[in-house]
Amino acid sequence: MAIACVSTRANKGVEAPAVTVEVHLSNGLPAFNLVGLPETSVKEAKERVRSAIINAGFEFPMKRITVNLAPADLPKQGGRYDLPIAIGILAASKQVPMQSLNDHEFVGELALSGQVRYCQGLLPVIVDASKQHSKLVMPVDNRQEAELVGYQHCYFATHLQQLSEYLHGQSLLPGIDSQTHWVSEEPNEQMGCLTDVIGQYQAKQALEIAAAGQHNLLMLGSPGTGKTMLASRIIGLLPDLNYDQALEVAAIHSVAGQPLSVQRFYRRPFRTPHHTSSATALVGGGTIPKPGEISLAHHGVLFLDEIAEFPRKVLDCLREPMETGEVTISRAAAKLRFDSRFQLIAAMNPSPCGDVNQSRANSDQIQRYLSRLSGPFLDRFDLTIEVPKLPEGTLTKTDNSGETSAEVAQRVLLAREIQLQRFGVLNSQLSGKQLKQAGFQHADLQFLEQSVHKLGLSVRSFHRLQRVARTIADLQQSQQVCRRHIAQALGYRAMDRLLNSLNSPY
């Protein structure tokens, strides 16, 4: 009788809880039993491991083999358990020294030839292994994820035979190189510049305010007015992620099976799902829960073009994550949480025919079209602006450049630093208590309250207008929020004005 224990890690959202692979060899008829709540993909490991051990030149023990994946109440899926199971069998049959497994964790899928293959979603494994100071043996094809974390005790295996030589002390496994200069910045030219957008100076100003305070922005305009181009330029206005934020984003992309790029490691994500996307695609979920678009846009921007074409029920699923900054997916076996603190930028036509002034759509048709966005969902937008058609002669002007993205980004960065020094959060995240200490005069708040009642807005809109006014003041480096800042914030309510005009009897 022989028992071997091998350490590995499971995947549970963006977490990687520890799993112990216990291998027991006993007398009796040859059998291979795998227990511990394994999914189908894990049960198939029996055949992969058997072939890999034989083809790598080892002897597969003709005994009763019992493999337990502990803890038993944690669901396990994927091929990442192939390598620890194979190492456990080799250790239990004394083909590799058992004492060499101490302080080691193993993860990787095996080919039938014994090669160690790439596994999806290993970045959380690397992060959690680094916290425990374990020596992590993983596939060489996952090397880039190890370099992103920069954990020096990651070792890369290509074949079972190579790993056996390492465990016998006959050779060394390659590790990661120094990460001193591994990140290369993406050229700014690839993100576009605000000077590419002709005219639309008010829309550019609203984009700057949205970037400075991380406010949600809705753009209304006819086709071809530059809404999509404006939205794509916001990434050039936002500061890069810090290391911890970039690692959070990379972990979510790793779990979702999205490619990781060292050139864009510090860049904020910009996600643009199609309007045919389901609620599961946007919010996350599935049989094996995976993060959705809102989590993939964590610390970045989610751009919904033609937002009125999205199903209303799908859009309403975004309301709670937009407030809490996270989404919780509950299943019978587990409850998973994914971070989803994103900035929502949306664009839509003001009517089904593309223009309010066209005779093909009457006010009832326009109202039905706009009602695809529920009132509570519209309340989540801090700014709604109109992107009008360009006046005649604008396209042929010799100078349409205006300010560059780099120039605006400097003001955005300075405004964000002011906000973080004040309360430690950006203005879009200010609580009601913090808003009372944000530099508003009582008379100005009364003016704002009267305006809110006149426009028929909600209490949530009252607070959002305060946050926008505070951002406008920060961009102008004003400690006090003046009435002109509040009036400018009220000017960014194009959707409310449109709905009021449609409901007006005159």
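Please read these numbers as outputs of a predicted model, since none were measured by experiment.
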Report yes or no: is the cationic atom of Arg483 (NZ for Lys, CZ for Arg) under 6.0 Å from the centre of the six-membered ring of Phe447, at an angle within 45° of the ring normal? yes

Less than 4.0 Å between a side-chain N and a carboxylate O, is that true for [Y] and [X]?
X	Y	value
Arg319	Asp316	yes
Asp240	Arg268	no
Glu323	Arg380	yes
Arg368	Asp364	no
Arg467	Asp382	no

For Arg117, is the CZ atom crowded, meaning more than 12 foreign heavy atoms sit under 6.0 Å from it? no

If you draw a 6.0 Å radius around NE2 in His463, do more than 12 non-hydrogen atoms from other residues or ligands fall strictly inside?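 Yes - once you tally the heavy atoms of other residues, nucleotides and ligands closer than 6.0 Å, there are more than 12.
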
For [X] and [Y], which I'm curious about, is there any donor-acceptor pair between the side chains at under 3.5 Å?
X	Y	value
Thr471	His215	yes
Ser277	Glu293	no
Gln205	Tyr201	no

Would you call the rings of Phe303 and Phe270 parallel, tilted or perpendicular if under 30° counts as parallel and over 60° as perpendicular?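 Phe303 vs Phe270 ring planes: parallel.
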
Should the pair Phe381 and Phe377 be assigned to parallel (<30°), tilted (30 to 60°) or perpendicular (>60°) ring geometry?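 Phe381 vs Phe377 ring planes: perpendicular.
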
Applying side-chain hydrogen bond (donor to acceptor under 3.5 Å, both in side chains) to Gln410 and not counting sequence neighbours gives none

List the residues meeting side-chain hydrogen bond (donor to acceptor under 3.5 Å, both in side chains) with Ser458, not counting sequence neighbours, and say none if there are none.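 Per chain and number, Ser458 pairs via side-chain hydrogen bond (donor to acceptor under 3.5 Å, both in side chains) with Asp379, Ser461.
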
Between CZ of Phe156 and CD1 of Ile176, what distance do you get to the nearest 0.5 Å? 6.5 Å

Separation between CD1 of Ile235 and OG of Ser405, rounded to the nearest 0.5 Å: 11.0 Å

If we only count heavy atoms from C-beta on, is the Arg341 to Gln429 side-chain gap below 4.5 Å? yes

Side-chain contact test, heavy atoms from C-beta onward, threshold under 4.5 Å: evaluate it for Arg9 versus Leu136 and give yes or no.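 No; the side chains remain at least 4.5 Å from each other.
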
Full working for side-chain contact (heavy atoms from CB on, under 4.5 Å) between Glu407 and Leu194: CA-CA 10 Å; Glu407 293 171 335; Leu194 280 178; over 6 Å; no

Give the intermediate values and the outcome of side chain to side chain donor-acceptor pair (under 3.5 Å) for residues Gln488 and Tyr492. CA-CA 7 Å; Gln488 185 177 347; Tyr492 298 119; 3.1 Å; yes

Is [X] reaching over with its side chain to a backbone N or O of [Y], donor-acceptor style, under 3.5 angstrom?
X	Y	answer
Ser295	Ser340	no
Gln419	Gly424	no
Asn142	Cys119	yes

Could you go through the side-chain contact (heavy atoms from CB on, under 4.5 Å) check for Met219 and Leu217 one step at a time? CA-CA 7 Å; Met219 294 181 284; Leu217 170 66; 4.2 Å; yes

Applying side-chain contact (heavy atoms from CB on, under 4.5 Å), run through Leu296 and His253 and close with a yes or a no. CA-CA 6 Å; Leu296 294 171; His253 281 70; 4.1 Å; yes

